[in-house]
Amino acid sequence: MTAPADVVFTNAEVRTLAETDETADAVAVRDGEIVRVDSAYEVDFLEGVETEVVDLDGRVLLPGFIDAHTHLMMVGSYLVNADLSVADSPADCVELLAELDDDRDWILGYGFDESTWEESRYLTRDDLDSVSETRPVVAFREDMHTASVNSEALSRLRDEIPDEDVETEGREPTGVIVEEAVDAVYETIEPDAETMHELLLAAQGDAHEKGITGVHDMVRRSRAPEVYRRLELDGDLALRVRINYWSDHLDAVEEIGLQTNHGSEFVRTGGIKSFTDGSFGGRTAKLAESYADGDGNGQWVVPPEELNEIVARADDAGLQVTAHAIGDEAIDATLDAFCETEDPGAMRHRVEHVELVTDEQVERFAETGIVASVQPNFLKWAQEDGLYDDRLGKERRKQTNRFRTLLDAGANLAFGSDCMPLDPLLGIHQTVNAPVEAQRLSVTEALRAYTHGAAYAGFDENRLGTVETGKKADFVVLDGSPWETPDDIENIDVAMTVVDGDIVFDGRAD
């Protein structure tokens, strides 16, 4: 006799997002695993005396979203510091920073995006000196490659930051810093274990509210790995986490023998994370041709020779590599490094961001099996007269974020947010309604990139990413159907998030 289910989710529009994307009415779960996806009538037979029955009142049930590229510490930082993503001017940022009421030494704000402001400029030292002249103040741009600091912060960091990454005017620093100078700030404000615990718990709650059940977290010089494992041991982790260790950690990862996919049900080793170039916002992404709004074609954060060494070492150690590459020249260098390994497709090496990609590079993704790990929410910068127009010009702007071209060529496509912001439905909306019509994906294709595609990028396609018998019971339940309102997906509410069969967020109205 078949054992009864622990939980039945019924009266739903279940979309499996499997290859054929079948529909059903109900899902039965036992021991955190899906045991039946069928009509409500058939699933009823798995109900027992102690089975919990969850009536979803016709809502849409999908596999849980998996964010293939994020920084949960940063998500938590937005929540407990000044969230500058809501600001629409430099004055707004200053006000939000000044309103922080805490006893911490540093005043921190995260997520400003000057490209959306009428007064489109970076924050300056003078702006932030008006917040405080005695405490260090830092405002991080949304791309995390650029920041603005006040005079006190500059004074404290004087010996730590390279001169070439400090913007000056008349030989005086403006307060704008990029790349390695920003890294110096991150090192200085690195949270202790207690603060990291607070940040990751806050971020987990936010992820659940967005329907996210798993993340690939890009971790650098941080206590996040130890805190994740402590949260799991304490029974407080309800998010499947793949830890991608920065290349700074490669020696340590090799020494203790970690390999990709080592770990537990909730915390696993992803791979080694590296950079090649910077960002379009900071004009540091590496381009084959110069920027449209300035001299130069960007800079190497990690030069190709160094990247080649990192990739070779990691691959030999059984580690996947996730390499940041935004500009077309950087993407070429990254693909070259991966193609020097024995089988880049089998290791599922990944290029992160892939914002300006050429036809030849698209074919290389398809031929090699290298994963294109992309961020659909970046399409907010692809609108006419937006950031991409300013930095790249109108023609190159149309060649950014070519998800349709990549998918049609047969490339492996995984979606993530880079926490800009952490919001899968926003990214899916942007993709379905992309500014360049020829690059739009269907609703199903976009959803699959945020579920099955992201699962594949993490070697998890056999346990996550679709609603099928034998897979983990990780679901998101939506109040509306993305297929019925494709032009308003970003405003659909998440009604429920389920991880391992447990309801971790319930936003249904009473």
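Position 1 is the first residue of the sequence, and the numbers go up from there.
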Engineer: Under 4.0 Å between a side-chain nitrogen and a carboxylate oxygen: does that hold for E226 and R229?
Structural biologist: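 Salt bridge between E226 and R229, a charged N being under 4.0 Å from a carboxylate O: no.
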Engineer: Listed by chain and number, what are the ring-ring contact (aromatic ring centres under 6.0 Å, His included) partners of F9, not counting sequence neighbours?
Structural biologist: F475
Engineer: Validate the cation-pi geometry between R348 and Y456: distance from NZ or CZ to the six-membered ring centre under 6.0 Å, angle to the ring axis within 45°.
Structural biologist: yes
Engineer: What I want to find out is whether E42 reaches R36 closely enough, with some N-O distance under 4.0 Å, to be called a salt bridge.
Structural biologist: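 Yes.
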Engineer: Identify, with sequence neighbours excluded, every residue that meets ring-ring contact (aromatic ring centres under 6.0 Å, His included) alongside H349.
Structural biologist: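 Checked H349 against ring-ring contact (aromatic ring centres under 6.0 Å, His included); matches are F338.
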Engineer: Got a donor-acceptor contact below 3.5 angstrom from the K210 side chain to the V494 backbone?
Structural biologist: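 The answer is no, because no donor-acceptor pair under 3.5 Å joins these two groups.
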Engineer: Less than 6.0 angstrom from the centroid, inside 45 degrees of the normal: does R391 satisfy that with respect to the ring of W381?
Structural biologist: no
Engineer: Applying ring-ring contact (aromatic ring centres under 6.0 Å, His included), can you list everything that pairs with H197, at least two apart in sequence or on another chain?
Structural biologist: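 Applying ring-ring contact (aromatic ring centres under 6.0 Å, His included) to H197 gives none.
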Engineer: With the threshold set at 4.0 Å, does a side-chain nitrogen-carboxylate oxygen contact exist between D6 and R30?
Structural biologist: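 A salt bridge is absent here (no side-chain N lies under 4.0 Å from a carboxylate O).
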Engineer: Salt bridge between D217 and R242, side-chain N to carboxylate O under 4.0 Å?
Structural biologist: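 No salt bridge links D217 with R242.
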Engineer: Under the ring-ring contact (aromatic ring centres under 6.0 Å, His included) rule, collect the residues that match up with F140, sequence neighbours excluded.
Structural biologist: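 F140: ring-ring contact (aromatic ring centres under 6.0 Å, His included) contacts with Y110, Y186.
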Engineer: So which pairs with a foot in residues 419-448 pass salt bridge (charged side-chain N to carboxylate O under 4.0 Å, His left out), sequence neighbours left out?
Structural biologist: R404-E445
Engineer: Quick one: do R508 and V54 satisfy side chain to side chain contact (heavy atoms under 4.5 Å, CB included)? Show the steps, please.
Structural biologist: CA-CA 12 Å; R508 295 174 296 172; V54 181; 3.9 Å; yes
Engineer: Are K286 and D332 ion-paired here, with the side-chain N under 4.0 Å from a carboxylate O?
Structural biologist: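 Salt bridge absent between K286 and D332.
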Engineer: Does any pair with a residue in residues 260-270 pass salt bridge (charged side-chain N to carboxylate O under 4.0 Å, His left out), and if so which ones, sequence neighbours excluded?
Structural biologist: R240-E265, E265-R463, E265-K472, R268-D460
